[in-house]
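Numbering starts at 1 and runs along the sequence shown. In listed order, ligands and their atoms are each counted from 1.
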Amino acid sequence: MTAGGMRSLWPGATIGVLGGGQLGRMMALAARRMGYRVVVLDPSPRCPTAQVADGVVVGALDDLEAARHLAKQVDVITLDTEHVPADVLDELARIVPVRPGAGVLRTIQDRLTQKQFLDGLGMPQATWAPVGSAGELDAALALVGRPAILKVRRAGYDGKGQARVEPAPETEGASGRWQPGPETEGASGRWQPGPETEGASGRWQPGVDAVEALAKLRGEPAVAEALVRFTREISVVLARGLGGEIQIYPIAENVHRRHVLHTTRAPAPMPETQRARAEGIAVTIAEALDHVGVLAVEMFELPDGQLLVNELAPRTHNSGHYTYGACVTSQFEQHVRAVCGLPLGDPRAMSGAVMLNLIGDLWQAGPPAWCEVLARPEARLHLYGKDAPAPGRKMGHVLLLDDDTDRALRTAEQVLAALERPVAAS
Ligand code: AMP
């Protein structure tokens with residue numbers, strides 16, 4: 001029994017995973033090492049998780065019959081992605097425990113609901129407004145200001161389903177100007193209409209670019225967010241067990257390129273008080289969600305130290321990949337432990353670490369020359385078994401174990417530069 005009185009699933013039990021990407025793959029590797037069986041539901045029988053699983057059910061994530069077929073052969077179900085319809089999870093929960101549950105997904109998988117939930121908890125966020133239709137764009141931008149980012153409410157990730165709205169050229173410098181918002185002190189800012197704008201038209205008009213940005217989202221309901229002038233991005237990755245206990249990993253500092261995670265450094269250098277503040281935010285969210293499993297909370301850090309919550313992920317997270325190699329218990333093993341009702345493992349880092357994502361663009365001239373990575377004693381290569389490298393697609397990562405994380409960040413760029421060179425030149 002767990003602390004919460006629920007039944008633990010011991011090694012030998014079977015874990016079902018909805019979605020067969022790299023997160024499911026690394027979780028399956030951890031689960032199988034511990035003696036669990038793993039069966040995955042995915043449209044592709046050769047998906048990254050299926051390659052290392054005991055079984056695969058081929059089907060779409062919204063295919064209820066296929067999902068039921070999976071549920072009947074497993075002892076617990078978990079997720080590799082939050083983009084599984086919550087209604088499907090409700091149905092599966094009649095057959096087998098689903099962790100995290102449908103309620104967590106319902107809150108998180110729609111950006112609007114997620115933001116309302118965070119507002120309800122009093123969590124700091126960038127100024128935001130819903131854009132359900134083109135008619136709401138004007139009012140939304142008047143509220144959040146420009147520049148702004150439009151994000152589709154559902155199914156967006158890695159910058160997909162996002163469009164940036166630039167400052168309106170016809171008003172910039174003349175009738176209005178970009179001003180820091182008092183609440184964020186120079187970070188997210190808000191649009192201040194100038195006197196001419198107010199006097200002439202009575203209200204501020206969005207420029208054509210805003211309409212174009214919205215068109216890029218192809219009519220999908222969206223939210224508008226103020227563009228945040230952050231000093232850095234961080235994430236708190238934690239695990240919450242079946243009995244409510246929580247273990248928190250060293251905080252990750254993340255750099256994105258073209259909206260995709262580029263590097264993670266951990267532990268993020270930061271004063272103790274700031275670390276406690278970030279952890280407090282993540283713990284409050286995990287408890288309010290009644291989450292079970294790994295949860296990642298992405299945050300923006302502002303010049304004055306304020307933290308804004310950017311996004312929640314109710315699963316293992318790319319910024320936690322460093323834990324697989326650097327920490328006593330990886331986020332993948334920790335997720336298995338949480339959803340199976342086992343005691344959580346020790347999240348402590350045994351070494352400083354930098355993770356470098358390997359994106360499909362690197363494969364443009366054929367497979368990269370791995371020598372530069374493999375010849376380095378501090379480097380570990382992880383590839384996800386994806387056979388179709390595409391620009392922007394996450395194909396693998398390199399983990400650099402080095403207590404001097406400034407040096408490791410420099411090493412990561414050297415490794416990347418070497419991998420970018422055509423094979424013949426390296
Ligand atoms: P998301 O998918 O919302 O996490 O966005 C991906 C990345 O885009 C973030 O990690 C940031 O680097 C950037 N981004 C997203 N929203 C904002 C924002 N409101 N202000 C500034 N940058 C943002």
Check each atom of ligand 1 against the heavy atoms of [X] and keep those under 4.0 Å away; list them by number with element.
{"X": "Phe230", "result": "21 (C), 22 (N)"}
{"X": "His256", "result": "10 (O), 12 (O)"}
{"X": "Leu227", "result": "20 (N), 21 (C)"}
{"X": "Glu233", "result": "9 (C), 10 (O), 11 (C), 12 (O)"}
{"X": "Gln162", "result": "1 (P), 2 (O), 3 (O), 5 (O)"}

Can you find a non-hydrogen atom of [X] under 4.0 Å from ligand 1?
{"X": "Ala226", "result": "yes"}
{"X": "Arg111", "result": "yes"}
{"X": "Arg229", "result": "no"}

- Message: When you compare the side chain of Gln51 with that of Arg46, does any pair of heavy atoms fall below 4.5 Å?
- Response: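 Counting from C-beta outward, Arg46 and Gln51 do come under 4.5 Å.
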- Query: Hey, is Leu261 touching ligand 1 through its side chain, its backbone, both or neither, going by heavy atoms under 4.0 Å?
  - Reply: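 Near ligand 1, Leu261 shows nothing, with every heavy atom at 4.0 Å or more.
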- Sequence-distant partners of Ala31, side-chain contact (heavy atoms from CB on, under 4.5 Å), two or more places apart: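 Scan of Ala31 (side-chain contact (heavy atoms from CB on, under 4.5 Å), adjacent residues dropped) gives Ile15, Tyr36, Val38, Val336.
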Enumerate donor-acceptor pairs with a distance under 3.5 Å from any side-chain N or O in residues 56-63 to protein atoms, sequence neighbours excluded.
residue	atom	partner	partner atom	Å
Asp63	OD1	Glu65	N	3.1
Asp63	OD1	Ala66	N	3.0

- Purely on distance, is any nitrogen or oxygen of Val228 under 3.5 Å from one on ligand 1?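 Val228 vs ligand 1: N/O contact under 3.5 Å present.
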- Message: Using the rule side-chain hydrogen bond (donor to acceptor under 3.5 Å, both in side chains), only one of Lys115, Gln125, Gln162 pairs with Glu225; which is it?
- Response: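 Exactly one pass, corresponding to Lys115.
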- Query: Parallel, tilted or perpendicular: which describes the rings of His382 and Tyr324, with under 30° parallel and over 60° perpendicular?
  - Reply: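 Perpendicular: the ring planes of His382 and Tyr324 meet at over 60°.
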- Which word best sums up how the rings of His397 and Tyr384 line up, parallel for under 30°, tilted for 30 to 60°, or perpendicular for over 60°?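 The rings of His397 and Tyr384 sit tilted, inter-plane angle from 30° to 60°.
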- Using heavy-atom distances, let me know which of Glu298, His259, Lys151, Gln125 sits nearest atom 7 (C) of ligand 1.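 Of the listed residues, His259 has the closest heavy atom.
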- Query: Do Asn254 and Thr264 meet the criterion of a side-chain donor-acceptor pair at a distance under 3.5 Å?
  - Reply: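 Judged by distance alone, the side chains do pair up.
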- Query: Have Arg25 and Thr49 got a donor and an acceptor in their side chains that come within less than 3.5 Å?
  - Reply: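 The answer is no; no qualifying pair exists.
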